[in-house]
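Here's the structure we're looking at; comments come further down.
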Amino acid sequence: MNPPPIYQLDALRQTYAGRTVLDIDRLEVRPGEILGLVGPSGAGKSTLLRLLNFLEAPAGGTITFAGQPIPAGQAPLELRRQVTTVFQRPVLQQATVQANVGYGLRLRGQTPDGQVDRMLARVGLADFARQPARSLSGGEMQRVALARALVIRPAVLLLDEPTANLDPYNVGLIEEIIRGHNAEHGTTVILVTHNVFQARRLAHRAGLLLGGKLIELAAAETFFTTPADPRTAAFVRGEMVY
Amino acid sequence: MQDVVRGLAEALRLIATGDGELFEIIALSLRVSGIALLISTATGVPVGVALGLTRSRLHGLITALLYTGMGLPPVVVGLFVYLMLSRSGPFGLLGWLFTPSAMITAQTIIALPLVMGLTMTAVRAVDPALRVQVRSLGATALQEAWAVIVEARIGVVAAIVAAFGGIISEVGAVMLVGGNILGKTRVLTTAIVLNTRQGEFTLAIALGIILLALAFAANLALLRLQGKA
């Protein structure tokens, strides 16, 4: 028997200035999986992540998280703290690398002792601990953002184009960290990207978002090799899909 | 040029000889401006932060009012405080006119919009994505606001520095409401005006140099604080 989903979305809808940008009939996210959602710009990927992180309230529908229906995006703090996002552009505070990585722990009233140093070593930034975070390169800053998210041991890690504009070395490193953390801690990962290759490398299941709608969702192997929907097939081939 | 050199020498002599009258004037200048700065910081920073963090329909009007307040002519503030504190004014019973309390009141009114307006601008300049990011990391509304304040700290200190510069060097308001009474309400700026009128240029320049040195030292201290923040 499958464990209950960590997220269940029903008739989830979001609108901005009267325009519907997301309209998902149903989506279940399994605990411990890496779910890759691909789609072109404007498909509603980032909007979906903001809703899953309870950063905004949906226009309609329901989000059930860990078995609890969340009314109007108002998740209680203890549930909200089980989810975090690494955004495409790392937003770091004007402080050292160490202070940035320990920020989430301090928010929770925890003393960031050895965890921060271990996490910095894990992302290959142990030697940068005392450096101002904003003096690092783009790839290093994104690794700081990833370490800051992982050190709080979230139940769900949301990744919004986490390696866009990064060099292949940092892309490989970040993917390896995500894969390792998921395997080691069973963290549910939801990755949204327009990079089909990255989704294929990381995801257990994959889906296509197009015009705010979930077109197809399947096991990664099926999704990338024998997709059911012609739009998925076209997107996976690298063709323009609208 | 000779006057400036003589003024510098006189300033050094007055300090070296421990001139009692001079030190009394310096102490009163620092006390009046220091208390006014403390009051305007304690009230202006929280209000500026609140204005910077929120958006209301009155946002444009509030901003316009604050920016107007930042340019208030000290002499107009002095006139207003004078009328309020004069015997026939609504606060005449306090008996503050021609006392340091009146000078502190006037300088607080001058400093408050500066602290509030510049703090609001500093908070608004913080990357909006930071708020989203810290919320995503599990910050409460209060923790989110604090993260923004910490990020805006350089601008907040700059607001306090600007306010201090504005009030330690103003003369119109303190002259009107303080009266430049020796041993009671005479501060550096009013002493400079008096000595200039009396033709005592060397002493006026000496006092000016001391005023500049004080402002420089205070700003240096605030900037060091900013560096440590």
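Per chain, numbering begins at 1; letters A, B, ... match sequence-line order.
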field: B:V126, part contacting chain A, at a heavy-atom distance under 4.5 Å
entry: neither
- prompt: Is the backbone N or O of A:T84 less than 3.5 Å from a side-chain atom of B:S136, with the two atoms forming a donor-acceptor pair by type?
  reply: no
Shortest non-hydrogen contact between A:L107 and B:Q143, atoms and distance: O-NE2, 3.0 Å
- prompt: Is it true that a side-chain atom of B:R135 and a backbone atom of A:F54 form a donor plus acceptor pair closer than 3.5 Å?
  reply: no
field: Least distance between heavy atoms, A:F87 atom then B:Q133 atom
entry: CD1-OE1, 3.3 Å
message: If you define the side chain from C-beta out and look only at heavy atoms, does anything of B:L137 sit under 4.5 Å from A:R148?
response: yes
query: Just wondering, are more than 12 heavy atoms of other shown residues or ligands nearer than 6.0 Å to CG in B:L142?
result: no
statement: Cut-off 4.5 Å, heavy atoms of chain B, and the answer for A:V83 is backbone
field: Closest heavy-atom pair and its distance - A:Q94, B:I154
entry: NE2-CD1, 3.5 Å
query: Can you name the nearest heavy-atom pair linking A:R81 to B:G138, along with the distance?
result: NE-O, 2.7 Å
message: Tell me the closest heavy-atom pair linking A:R80 and B:T140, and the distance in Å.
response: NH2-CA, 4.1 Å
- prompt: With a 4.5 angstrom heavy-atom cut-off, which part of A:L55 approaches chain B: side chain, backbone, both or neither?
  reply: both
